[in-house]
Amino acid sequence: MAFILVPLIRMMTAPSFEGLKGAAKDRDVIKAIWLSIYTAGLASLIAFLFGTPFAYLLARKNFPGKKLVESIVDLPIVIPHPVVGIAILGVVGKNCWFGKILYEMGIRMMGSVAGIVTVLTFVGMPFYINTVKNGFESISPRLENVSRSLGASLISTFFRITFPLAGRSILVGIIMCCARCISEFGAVVIVAYHPMIAPVLIYERFEAYGLKYSQPVAVLLVLICLILFLFLRILSMPKKKKI
Amino acid sequence: MAFILVPLIRMMTAPSFEGLKGAAKDRDVIKAIWLSIYTAGLASLIAFLFGTPFAYLLARKNFPGKKLVESIVDLPIVIPHPVVGIAILGVVGKNCWFGKILYEMGIRMMGSVAGIVTVLTFVGMPFYINTVKNGFESISPRLENVSRSLGASLISTFFRITFPLAGRSILVGIIMCCARCISEFGAVVIVAYHPMIAPVLIYERFEAYGLKYSQPVAVLLVLICLILFLFLRILSMPKKKKI
Amino acid sequence: MIKIENLSINLAEFSLKDISLSIARGEYFALLGPTGAGKTVLLEAMVGLVPVESGKILVDGRDVSDLAPEKRGIGIVYQDSCLFPHMTVLENIRYGLHFKKIDGNETKNRLNRLLNQLELNQLTKRMTINLSGGELQRVALARALMVNPAVLLLDEPLSALDPNFRGEIQSLLHKLHQDTDTTFLMVTHDFNEVLSLAGRAAVMNHGSIEQVGDVSEIFQKPRSSFVADFVGMKNIFPVNYQGTSARLGNIELELGRNGKDSEGYLAIRPEDIVISKEKLSSSIRNSFKGIVLKILKQGFHYEITLKAGGIIFTALVTKSALFELGLKEGKPAYLSFKATAIHTF
Amino acid sequence: MIKIENLSINLAEFSLKDISLSIARGEYFALLGPTGAGKTVLLEAMVGLVPVESGKILVDGRDVSDLAPEKRGIGIVYQDSCLFPHMTVLENIRYGLHFKKIDGNETKNRLNRLLNQLELNQLTKRMTINLSGGELQRVALARALMVNPAVLLLDEPLSALDPNFRGEIQSLLHKLHQDTDTTFLMVTHDFNEVLSLAGRAAVMNHGSIEQVGDVSEIFQKPRSSFVADFVGMKNIFPVNYQGTSARLGNIELELGRNGKDSEGYLAIRPEDIVISKEKLSSSIRNSFKGIVLKILKQGFHYEITLKAGGIIFTALVTKSALFELGLKEGKPAYLSFKATAIHTF
C-alpha cells in the first residue's frame, strides 16, 4: 500500500503549481497528451468493433483449440514492450510484402499516427477481450435460451438481451483498453518517436533536462489516467447485484 | 487473432539461425537476459512474501474503504510506464528524505539492481495480488469455518486448508508477476539504463543499429516469455474442477 | 403433441441412448430420475440447444429436429425463472410478441387472462429484482404462455421456492394447464408434485428411459428394480417363482397369477402391508406371523420393521393403528398383504 | 446443552432481535423458517463467525460468546458437505484430531464406530471428488462427530441430496443422535424431516423466534398466524369470540372453552375436518352443511374445498373416503370438527 502510494503522492506534490501551469500551457505538452488520448480512443474503438463478437464467441462456444486461441489473445500482455514494437515494425516495414502493400497504398506506419494506433490496439486488445468475455460469461446462457424459445433469433437475442446486459462490462473493457493504451511507452517509442505521445515526451524531457522538468508533464498525464481509472471503479462498483 | 499472430511469427522467423546463435553467444545479451530473469524473480519473491497475506485480507474481510484499497492496488497498471519510473525516482532520489536515508545506508537506487527490482515490484505487485485474491475468493469460506469448528486455529486453518488449496493460484500469480516484470521497459529505462535488462538492450540495439540487429535478441527474450507463458497456461488449465 | 423417436445424443459428459417418447396434446407429463440421469439434456435437446445425433423430435407432427430453437414452438421455464433483469414485469411478459405476428385483440385477451390468473396485475411495472421467488416464477409462466407454445417444458419449476410458496404455484400450474391446450412436460424431484399434477410420467436413468406410463402405474407397478428403488418401494426381494406362488426365505407367497421366469424380484409397497395382532381371516391370501424389530416415526406415519420367515419387511401405519394394536419392538405381530399388492419384475 | 440468552445481531443485510433459546443436552432440535428469516445467521453466531452485539451463548453452562470458533466445542455440517478436497476421506475424518488431545484408544474406538455406523470402511482411501452426494454427507457427519462436539449444527443437511438418498441419511442421523450425547440442532425446510427426527423445534421469522415447543405442538397449535401459515394450517379465520363460542361468517362455533379477547384468529388443520353425507351424531360439537367447491389431488390424498355459512374450508381426505362418500364438486356435504381441533390465537 504505502509502497504504491508514497511514490505517487510524492510525485504529485513535487512540482509547484507554477510548473504545472507552465506545462499545461506548453503547446508540445498539450499536443502530446491530446495525441495520447486520441490514439488510445481510436485503438479502443477498434478493439470494441472487432473484439466484441470475438469475446462473445469465446464466452459462449466450446471448440477444440479454444484454450490455444485464448492463449494467443493473452500473448501481447507478456511480450516485452520494445519487442512488440519490433515485431510490428517487422511486418509493416518495407522489406515485408505486407509493408510493401501498405507503402504502395500510401499508408506509412513508421513514425505515423496509424503506426501508433496499430501498436496500441495490439497491446490493448487482450484487456478488452478478456473483460468483455468475463462480462458475457456472467450472463446466464439460460436467459438467451429463454429468449430464443420465445421466438427471438440468435441476432435479436444478442441485441435485445446479451448486449444490454453486458453494457457495463463493455464500458469497463473500453476503459481498461484505453488506460492500457495511454500508459504504453516501450512499444510506441520503437514504432513512432514522432509524432510524440505523452509518455514519449516525458521520457524525452527526462533524458534531456532531468527529473525536475519531466515531473509536471508526468503529473498531468497521471491526472488523466486517474480520472479514467475513477470512472472504471465507479462503473465496476454497483456490479455486485446479481443478474 | 491474425493481427496478433502475424507480427510475432514474422519476427520469430525473420532472423537467421546464425544471427540467433550469434546473439546467444554475445556476452552482453546473456548478461542482460539473465539480469531480466533474476530481477523479475526477485520482484516476484517480494510480491509473494508481502502480497499473499494482503491478498488473503482482501479476499476474506470486508471493511470500510476496501474498494479504495483495491483501487490503489490496481493503480500501477494504469500509470504510464515512464511516469512510474519518474515517481519512484522522486522518492528514492537524493532530494527526498527517504532517498537520503537510503543514500546514507549505502543503498543506491539510480542505475542499480536494487532500483530495477523496486520498479519491477511496483509494476508486478498488482498482478500478483489480484490473481491470488481471486484464488482465495474461489475457496469457500465454509471450508475454513468447518476447519475452525473442528478445533483448528485461524493460523492452522490457513496453512492446512487455505494455502494448499490456493497453491495453484499462488503459482499462477507468481508467473503472472514474473511475466509482467520481464516485459517491463518504460519504467526501468528511467531508473536504470545500466545495468541493462534485456528490453533496454533491445531498445539500445534498435536505436543504434536498426531493426535487423535488434531482432535476434528480441526473439530470444520472447522465447523465454513464451516458456513462462506456457507454464501459466498449463497450470491454469485443469483448474476447471470444482473445489 | 410432442413425439421423440429413437433420439440419441452424445456429449462429453452425458449421452442419451435411443429415447422414444410420445406425449399427447394437452397432456401433463412428468419426467423423473436421479441427478445425472439426463433429464436436463433431454429438455435441452427438445428446445434445440443440444445437437441431435440421430433420431427425430416432432411437435404436432412437424419434424423440428433441425430447426433453430426459435422456430420450434417449445417454451421453457427454468427453476431460477430467468427473467430478463433489464425489463419490467410487463416487458418480460410481452417479450415474445416482438417476434410473432399475433392479432392485437387476441394478444390483449391473453395478456389480461394471464395477468388475472397469475395475479400479476399489481406487479406489471415492477423491475424483476424486487420480486419474491413465487412472483418471479409466476411472471416466468406468464411470459412462456404468452406466445401460446405447443409444448411447455418446466425444469423443476418449484424446487427453488420456499415450501409455503410451492403449493400456490402448484395449484396455478394445475389451473393453467386446464385452461390451455399446451402440452406440459415437467422435470421434477418431488413425488408429491408428480402425483398432484401429472397424468403420465417417465423415469430416466443413465441416459435412457426405464419406464413410461400412468403415474399410478409407475408408483404401484415399477417394472425394474431401479424404478422400484427410485419411487421408494421399500420391500424388494429376489425370489424363486413356482407357478402361481413364490418362495421367499422360509415363506411361500401366493401370487394369484403365474409368476415371471424361474427367478426374479418382487416388491410390496409399505402402505399395502396390513399389521394385526391376530391372523386375519379375510380375502387376504398372504398372512404371516413376525416380530416387530423397529418402530420409526416418519412424518405423520410410523414405519414398522418386521421380521417374518427370515425376511425383513417394512410397513407403514398410522399413529392410531400403532396405539390400537399396541405394537412394541420385540413383540409379535401378523403382517398380511393381498396377492394383487405383490409386484413382480 | 446450548443456551442462547437475548442474543441480538446487526449485520448490513440481516439482524437478529433478542433471541432466547434453550436446548437440553442430547436433544434433537429443529430450526424452521422461510428463506431470509435469519436461521443461517443464528447458526453462524453460534459457531462464532458473526460477532454478537448483545446477549450470551452458553455451551454446557460455559459462556462462549467471546471465544474463537475453535474453542466453542460446536461442530457444523453444511448442506454441501464442505469436505477438504485435498485430503482423502480418512484424512478428512481425522482432521479434528490434530488439534485435540484425545486418548489414542478412545480415538480408535470412535473412528471404528463411526466408520461402521456410516458404512465408510470401503471409502477411507478415496479422494472426495469421487464420492456421491450421500457419501459426501456421511463423511461430513463422521468428520464432525469425530471430535465429539457438545453441539452439532446441521445446516439443511439433506437438501442437496437426491430424494432416494435422503431417507438413508435421515435414518443415519436418527441412529447417530441416539448413540451420542451430542445435542443436534438442524435447520431445515422439510417438514417431513422435522417430524421424523426432531423432538422440539423453533420457527423463526424476520430475525426473531415466533414459537418454540414440541414439534407436535408447533404443527397442531401454532401460536401466530405466521406459524400457522408456515406449517400449512390452511383454515385460518378472523373471528369474534363470545364466551365459549366464536362467530365466523354465518356460523357459530363451539369452542368448549373460553376464547381469547373479543377478536382474534382461529385455525383448523385440514386433516382434522371430517366429511360426511349426513349430519354426524357423535361427540363432535361442530357440524355444518356445506357445498363441495373443488376436489384437488394432493399426493396420496385429496384436498376438498367446501363452502359452509359463507366460509371456505379446506379438508384433506383419503381416496377411499372420497369414493365411499361419493363426493362431487357442486354437491352438498357435511363438515365436522371437534372443539379441541380449533386452535385460537
Side-chain angles (χ1 to χ4, degrees), chain A residues 1 3-8 10-11 14 50 54 67 69 71-91 93 96 98 121-122 125 179-180 182-186 189-190 198-200 202-203 206 211 214-215 218 221-222 225-226 228-230 232-233 237, chain B residues 1 3-8 10-11 14 50 54 67 69 71-91 93 96 98 121-122 125 179-180 182-186 189-190 198-200 202-203 206 211 214-215 218 221-222 225-226 228-230 232-233 237:
Chain A
M1 278 289 294
F3 175 66
I4 290 169
L5 269 186
V6 169
L8 288 176
R10 169 84 195 165
M11 182 190 70
F50 294 94
F54 196 69
K67 277 275 166 195
V69 172
S71 303
I72 292 170
V73 168
D74 279 353
L75 262 183
I77 299 178
V78 294
I79 305 279
H81 308 152
V83 176
V84 170
I86 289 173
I88 288 176
L89 269 194
V91 174
C96 172
F98 186 71
T121 309
F122 190 90
M125 188 65 102
R180 175 69 186 83
I182 288 186
S183 74
E184 182 53 39
F185 163 68
V189 82
I190 297 265
V200 178
I202 292 169
Y203 177 70
F206 174 76
L211 187 61
S214 60
Q215 274 178 339
L221 191 58
V222 165
C225 289
L226 285 185
L228 261 180
F229 188 57
L230 213 71
L232 183 76
R233 280 288 154 184
M237 251 181 179
Chain B
M1 279 288 294
F3 175 64
I4 291 167
L5 270 186
V6 170
L8 287 176
R10 167 87 194 162
M11 182 189 69
F50 294 93
F54 196 70
K67 277 274 166 198
V69 172
S71 303
I72 292 169
V73 168
D74 279 351
L75 262 184
I77 298 180
V78 294
I79 303 280
H81 307 151
V83 175
V84 170
I86 289 172
I88 288 176
L89 269 195
V91 174
C96 170
F98 185 71
T121 309
F122 191 90
M125 188 67 104
R180 176 68 185 85
I182 288 186
S183 73
E184 182 53 40
F185 163 69
V189 82
I190 298 266
V200 177
I202 292 169
Y203 177 69
F206 175 75
L211 187 59
S214 60
Q215 274 177 340
L221 190 59
V222 165
C225 289
L226 285 185
L228 260 179
F229 188 57
L230 212 72
L232 182 76
R233 280 288 152 183
M237 249 182 181

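A note on names: the letters A, B, ... follow the listed sequences, proteins ahead of strands, and every chain is numbered from 1.
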ring-ring contact (aromatic ring centres under 6.0 Å, His included) with A/F206: which residues, sequence neighbours excluded?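 Here no residue qualifies.
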
side-chain contact (heavy atoms from CB on, under 4.5 Å) partners for A/P76, two or more places apart: A/F122, A/P126, B/I4

What is the ring orientation for A/Y203 with A/F185, classed by angle as parallel under 30°, tilted 30 to 60°, or perpendicular over 60°? tilted

What part of A/L221 gets closer than 4.5 Å to chain B, counting heavy atoms only: side chain, backbone, both or neither? side chain

I need the residue from [options] with the largest number of non-hydrogen atom pairs under 4.5 Å to chain A.
options: B/I182, B/D74, B/L89, B/I77; answer: B/D74
options: B/I79, B/V200, B/V189, B/I190; answer: B/I190
options: B/H81, B/R180, B/Q215; answer: B/H81

Answer yes or no: is there a side-chain heavy-atom contact under 4.5 Å between A/S183 and A/C225? no

When A/V84, A/V222, A/L226, A/L230 are compared by non-hydrogen pairs under 4.5 Å with chain B, the top option: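 Looking at each option in turn, the highest pair count goes to A/V222.
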
Closest approach of B/P199 and B/E184, non-hydrogen atoms and distance?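 Reported closest heavy-atom pair: CG-O, 3.5 Å.
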
